Amino acid sequence: SAKVIGTNNSVYFYGAMLEESSYPTSYIPTSGTTVTRIYDAANSLNDSLSGGQVGSFFVELVKLGNDADASGSAISIQDNSGGEEIRLHFDTPANTVRFRDANNGFANIGGALAVTNNTAFKMAFSSNGTTIAVFGNGSQIGGDYTIVNPLAFDKITINGRMFEINQLLYYPTALTDTELATLTTI
């Protein structure tokens, strides 16, 4: 907002912003805790996170279609040596997406979310170091997952194929179920 100050008709702007696209790229719902934006637009990425076993990850994306290359790891959270820890995994042609535990034979974390091509969806997980909760489109998917082997949230890699990311957030703390539900509500 603008406010006229004094008699010289000076105008001071605070927080002015113009978005040219249909998606508000700079809005970050903080859910009562700090958050770091990874990137606004990326189809490949290799970036550092905070490390440790406690953290929350949120993604809003659009699956663009099906082909043989779209099955498998879309987004990977890794340790410092590049070893995959958690994977956001597309199942093709089933049109589902899920998180998998790479340290435990790629076991499912929570359950799978059915997605429709060319329609945005939101998914998030939160790890408290002992268990992981997964939410998609406002609801918990499956039950809490018990972590079998310690995880390290050191890096994130995007393997951009057949999807478009609207927003990608990493919280260095564990979000509550209520915060995850709010964050992922469409």
Side-chain angles (χ1 to χ4, degrees), residues 28-33 35-36 38 45 49-64 66 70-79 83-117 119-186:
I28 301 176
T30 61
S31 305
T33 186
V35 63
T36 300
I38 308 252
L45 170 69
L49 301 175
S50 66
Q53 299 178 38
V54 175
S56 302
F57 171 80
F58 165 83
V59 64
E60 179 180 354
L61 52 89
V62 177
K63 187 169 184 279
L64 300 175
N66 293 332
S71 186
S73 179
I75 300 171
S76 175
I77 298 175
Q78 302 173 347
D79 62 22
E84 196 169 30
E85 299 287 303
I86 292 180
R87 164 191 294 187
L88 180 69
H89 183 95
F90 282 114
D91 299 306
T92 299
N95 276 341
T96 56
V97 63
R98 57 197 161 118
F99 288 104
R100 299 183 77 183
D101 180 351
N103 282 330
N104 188 29
F106 292 100
N108 289 334
I109 300 173
L113 177 68
V115 297
T116 302
N117 288 342
T119 302
F121 66 92
K122 297 179 181 182
M123 284 189 79
F125 78 77
S126 180
S127 169
N128 63 14
T130 305
T131 61
I132 298 175
V134 175
F135 278 70
N137 293 341
S139 299
Q140 186 166 5
I141 304 170
D144 286 352
Y145 174 78
T146 300
I147 297 170
V148 177
N149 298 306
L151 300 169
F153 303 148
D154 295 319
K155 294 195 264 184
I156 187 164
T157 300
I158 296 174
N159 305 311
R161 38 178 202 232
M162 300 305 292
F163 65 90
E164 175 180 279
I165 295 175
N166 288 338
Q167 193 170 48
L168 180 63
L169 305 173
Y170 173 75
Y171 298 81
T173 59
L175 297 179
T176 66
D177 288 355
T178 301
E179 290 170 328
L180 290 171
T182 300
L183 190 62
T184 60
T185 296
I186 294 282

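Just so it is clear, the values below take in all heavy atoms, side chains as well, and ignore hydrogens, waters and symmetry mates. It should be emphasised that the depicted structure is a prediction, and the values quoted were computed from it without experimental measurement.
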- prompt: Out of curiosity, S76 OG to R87 CZ, how far, rounded to the nearest 0.5 Å?
  reply: 7.0 Å
query: side chain to side chain contact (heavy atoms under 4.5 Å, CB included) between H89 and F106: does it pass, once the steps are laid out?
result: CA-CA 10 Å; H89 183 95; F106 292 100; over 6 Å; no
message: With a 4.5 Å cut-off on side-chain heavy atoms, are D101 and I86 touching?
response: no
statement: Between A174 and S127, the two heavy atoms sitting closest are CB-O, 3.5 Å
query: When M123 is tested against each of L61, L183, T184, V134 for side chain to side chain contact (heavy atoms under 4.5 Å, CB included), which residue passes?
result: V134
field: ring-ring contact (aromatic ring centres under 6.0 Å, His included) partners of F125, counting only residues at least two apart
entry: F57, F99, F153
Minimum heavy-atom distance between A152 and I77, given as atom pair plus value: O-CG2, 4.5 Å
query: Where do N137 and L113 land on the side chain to side chain contact (heavy atoms under 4.5 Å, CB included) test, with the steps shown first?
result: CA-CA 9 Å; N137 293 341; L113 177 68; 4.1 Å; yes
message: For Q140 and D177: C-alpha separation, side-chain torsions, deciding distance, then whether side chain to side chain contact (heavy atoms under 4.5 Å, CB included) applies.
response: CA-CA 8 Å; Q140 186 166 5; D177 288 355; 4.1 Å; yes
task: Ignoring hydrogens and angles, state whether a donor on the side chain of E85 or N103 is under 3.5 Å from an acceptor on the partner side chain.
output: yes
Shortest non-hydrogen contact between T185 and G138, atoms and distance: OG1-CA, 3.6 Å
statement: Closest heavy-atom pair, V54 versus G129, reported as atoms and distance to 0.1 Å, is CG2-N, 4.0 Å
Main-chain N/O of T119 paired to T116 side chain as donor or acceptor, under 3.5 Å: no
- prompt: Would you call N95 and N117 a side-chain contact if the rule is heavy atoms closer than 4.5 Å?
  reply: yes
statement: Rounded to the nearest 0.5 angstrom, the CG-CD distance for L168 and E60 is 11.0 Å
task: Grab the two heavy atoms, one from A114 and one from T96, that are nearest each other, plus how far apart they are.
output: CA-CG2, 4.0 Å
field: Separation of I132 CD1 from I109 CD1 (nearest 0.5 Å)
entry: 4.0 Å
- prompt: Could D79 and K155 be called an ion pair, given the rule that one side-chain N must be under 4.0 Å from one carboxylate O?
  reply: no
- request: Please answer whether the main-chain N or O of S126 pairs with a side-chain N or O of S56 as donor and acceptor at a distance below 3.5 Å.
  value: no
task: Is it possible for you to check whether K122 lies under 6.0 Å from the centre of the six-membered ring of F58, through NZ or CZ, and within 45° of that ring's axis?
output: no
query: Would a 4.5 Å heavy-atom cut-off, applied to side chains only, mark V148 and T146 as touching?
result: no
field: Beyond-backbone contact of T131 with I147, side-chain heavy atoms, under 4.5 angstrom
entry: no
message: What verdict does the side chain to side chain contact (heavy atoms under 4.5 Å, CB included) test give for F163 and V62, after you've listed the backbone C-alpha separation in whole Å, the side-chain angles of each residue and the deciding distance to 0.1 Å?
response: CA-CA 5 Å; F163 65 90; V62 177; over 6 Å; no
query: Is any side-chain heavy atom of T157 less than 4.5 Å from a side-chain heavy atom of Q78?
result: yes
message: As an exercise, state the distance from CG of D144 to OG1 of T130, rounded to the nearest 0.5 Å.
response: 11.0 Å
- prompt: Which distance, rounded to the nearest 0.5 Å, do you find between the OH of Y145 and the CG of N104?
  reply: 4.0 Å
- line: Test salt bridge (Lys or Arg N to Asp or Glu O under 4.0 Å), reference D91, set K63, R100, R98, output is R98
